[in-house]
Amino acid sequence: MKHISISNQPLDLSHCMSLVEDHTVGGIATFVGTVRNHSQGQTVIRLDFEAYEKMALSEMGKIADFALEKFEIEHIVIHHRTGSLSLGEIPVIIVAAAAHRKPAFEACQFAIDTLKETVPIWKKEFFENGSHWVSAHP
Amino acid sequence: MKHISISNQPLDLSHCMSLVEDHTVGGIATFVGTVRNHSQGQTVIRLDFEAYEKMALSEMGKIADFALEKFEIEHIVIHHRTGSLSLGEIPVIIVAAAAHRKPAFEACQFAIDTLKETVPIWKKEFFENGSHWVSAHP
Amino acid sequence: MEIFAFGIAKDILKTNKLILETDGNISVKELKIKLMEMFPEFQKLASLKIAVNNEYQEDGFEIKIGDEVALIPPVCGG
Amino acid sequence: MEIFAFGIAKDILKTNKLILETDGNISVKELKIKLMEMFPEFQKLASLKIAVNNEYQEDGFEIKIGDEVALIPPVCGG
């Protein structure tokens, strides 16, 4: 099963874990992104995330479908947050559940790596004296 | 920081996540083991875990120290449960927190792989018509 | 043609929806060239992709009247 | 010498603590041979390691009076 969502409300790891509860599952790998206080030597105050929501959900769904097909996993959750996030808040949660741990890890890493490449979501970093869209310029 | 524990009480992922809260952290990889209902074609009813507790804590500490040294991570949590576990219950939680996701994943996988090789903990599987110590015989 | 813009593309256009006059159909490549002429800031981006009806499309793709078109500057989720 | 046993080793010995008479010090290898003679079931295990004072020790290690000795059959945590 895949569970995809984009929300401007705080993400909840316990909820994501409950979505993959299943007695055939023996290993659950997760990735939780958090807003950290530094980026390329500058002090970060907050991050804003903006999504092209319809397309982002579609691309997240493609990642989940591909992961379910390519790796021996039973369930995958991809939840992304939008809006303004403070330090320590969670922009993204990935959960991959499988009978065995190796495919769970592989699917989880594949999902976060691909999400960062293909899903139309943008991140603006706010520093003490300015802001910029991350990765926009070479 | 490392956080190591062996307990006969239910493990709590939210608690483990709270141990690595830190504004320098941008990515948290976790592995949660769960008791699944089948093993090599047989239906599992429950698992018993037994630990040589002092030595197991020492070996888990070595894994954590090595992970903190080898990978660029800030924190690692290794919690293991003992006693009798029902389907869906959690024998082990690993949490690795880092500025970046790659070392977090590497440390998390290293920790669970090594735990299964070196930490003196034993698992007895109970089926409908019998039980056995897992991996005891070739 | 209505074109949705996100992230830095929205800042460059100073709007999240650009109305562009076109003579009938236009390819993704033609659209990119037109935008980079009108808004040279787009030339400085690490990349600029075009999505049509929620799918990335290559340069040769023909955009039709009524398609949902969006400008996708470098993404950075997670 | 007191020897702690866990997992299937406990089942084989039918106790979690074996008292073994030894003439002074004994090596890890000598201990293993002695145990496999006394309890042939140990020969069927995938492996049998010896921990002394909470550390795995190789065959050549000399166990001293008062050391904490434990039998470590194949581990299977997680």
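Quick note on labels: first sequence line is chain A, next is B, and so on, each numbered from 1.
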Notebook entry, point to check: Judged by atom type as modelled, is there a donor-acceptor pair below 3.5 Å linking the side chain of B:W122 to the main-chain atoms of D:P73?
Noted result: yes
Next item on the list: Select one option (side chain, backbone, both, neither) describing which atoms of D:N53 are under 4.5 Å from chain B's heavy atoms.
Entry: neither
Next item on the list: Find out whether D:L45 and B:H137 are in side-chain contact, i.e. whether some heavy atom of one side chain is under 4.5 Å from a heavy atom of the other.
Entry: yes
Notebook entry, point to check: Out of B:I90, B:V134, B:I112, B:L47, which one racks up the most heavy-atom pairs below 4.5 Å with chain D?
Noted result: B:V134
Note to self: With a 4.5 angstrom heavy-atom cut-off, is it the side chain or the backbone of B:E59 that approaches chain D, or both, or neither?
What the structure shows: side chain
Next item on the list: May I ask you to check whether over 12 heavy atoms, not counting those of D:E30, lie within 6.0 Å of atom CD?
Entry: yes
Check: Is there side-chain contact between B:M55 and D:E68, with heavy atoms separated by less than 4.5 Å?
Finding: no
Checklist line | chain D contact via B:K123 - side chain, backbone, both or neither, heavy atoms under 4.5 Å | finding: both
Check: What part of B:A56 is in contact with chain D, defined as an atom under 4.5 angstrom from a non-hydrogen atom: side chain, backbone, both or neither?
Finding: neither
Item checked: Part of B:H80 lying under 4.5 Å from any heavy atom of chain D -> side chain
Notebook entry, point to check: Looking only at heavy atoms, which two atoms of B:T118 and D:V75 are closest? And how far apart?
Noted result: N-CG2, 4.2 Å
Checklist line | Contact check, side chains of D:K10 and B:E50, non-hydrogen atoms, under 4.5 Å | finding: yes
Check: Do D:Y56 and B:P120 have side chains that get closer than 4.5 Å, going by heavy atoms?
Finding: yes
Checklist line | Separation of D:C76 SG from B:F49 CZ (nearest 0.5 Å) | finding: 7.0 Å
Margin query: Quick check on B:S135 against chain D: is it the side chain, the backbone, both or neither that has a heavy atom closer than 4.5 Å?
Written below: both
Next item on the list: Take atom CD of B:E69 as the centre, draw a 6.0 Å sphere, and report whether it contains more than 12 heavy atoms from other residues, nucleotides or ligands.
Entry: no
Check: Under a 4.5 Å heavy-atom cut-off, does chain D meet the side chain of B:P91, its backbone, both or neither?
Finding: side chain
Note to self: Is it true that, when you exclude D:K64 itself, more than 12 heavy atoms of the residues, nucleotides or ligands shown sit nearer than 6.0 Å to its NZ?
What the structure shows: yes
Item checked: B:H132 side chain near D:I8 side chain, heavy-atom distance below 4.5 Å -> no
Note to self: On a heavy-atom basis, which atom in D:N54 and which in B:S58 lie closest, and how many Å separate them?
What the structure shows: O-OG, 4.2 Å
Next item on the list: Check whether B:Y52 gets within reach of chain D through its side chain, its backbone, both or neither, counting any heavy atom under 4.5 Å.
Entry: both
Check: Heavy-atom distance under 4.5 Å to chain D: side chain of B:V119, backbone, both or neither?
Finding: backbone
